[in-house]
Amino acid sequence: MIETLLISVLIIAIAAFLLGVKVIFRKNGSFSSMHIHDSEAMRERGIHCVIDQDREQRSKKQAVREKSE
């Protein structure tokens, strides 16, 4: 029981360290943004996040109309 707990904690500690290597060892290191609007490749393809797409459609006033019936 205790060995399993220690092994689990060790694996989690190693994973956390490896995830933070870039941040820890680089000067002014930071995690890369994973947002769609920050990706140059996605912008080139015209792909936006759903919030940006919704804002764009609302500004064009071509959003789906609700039935008033």
Item to check | Met1 and Leu5: CA distance, side-chain angles, deciding distance, side-chain contact (heavy atoms from CB on, under 4.5 Å) verdict | outcome: CA-CA 6 Å; Met1 170 77 180; Leu5 181 64; over 6 Å; no

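The structure places CG of Asp38 at 7.0 Å from CZ of Arg43, a figure rounded to the nearest 0.5 Å. A distance of 13.5 Å separates CD of Glu3 from CG of Leu10, quoted to the nearest 0.5 Å. Expressed to the nearest 0.5 Å, how far CZ of Arg55 lies from CD1 of Ile51 amounts to 7.0 Å. A distance of 8.5 Å separates CD in Glu44 from OG in Ser39, rounded to the nearest 0.5 Å.
A pairwise comparison of heavy atoms in Ile36 and Ile47 identifies CG2-O, 3.8 Å as the closest pair.
Ile14 and Phe17 fall within a single hydrophobic cluster, where Ile, Leu, Val, Met, Phe, Trp and Tyr side chains are chained together by heavy-atom contacts under 4.5 Å. Transitive grouping of hydrophobic side chains (ILVMFWY, heavy atoms separated by less than 4.5 Å) brings Phe25 and Leu18 into a common cluster.
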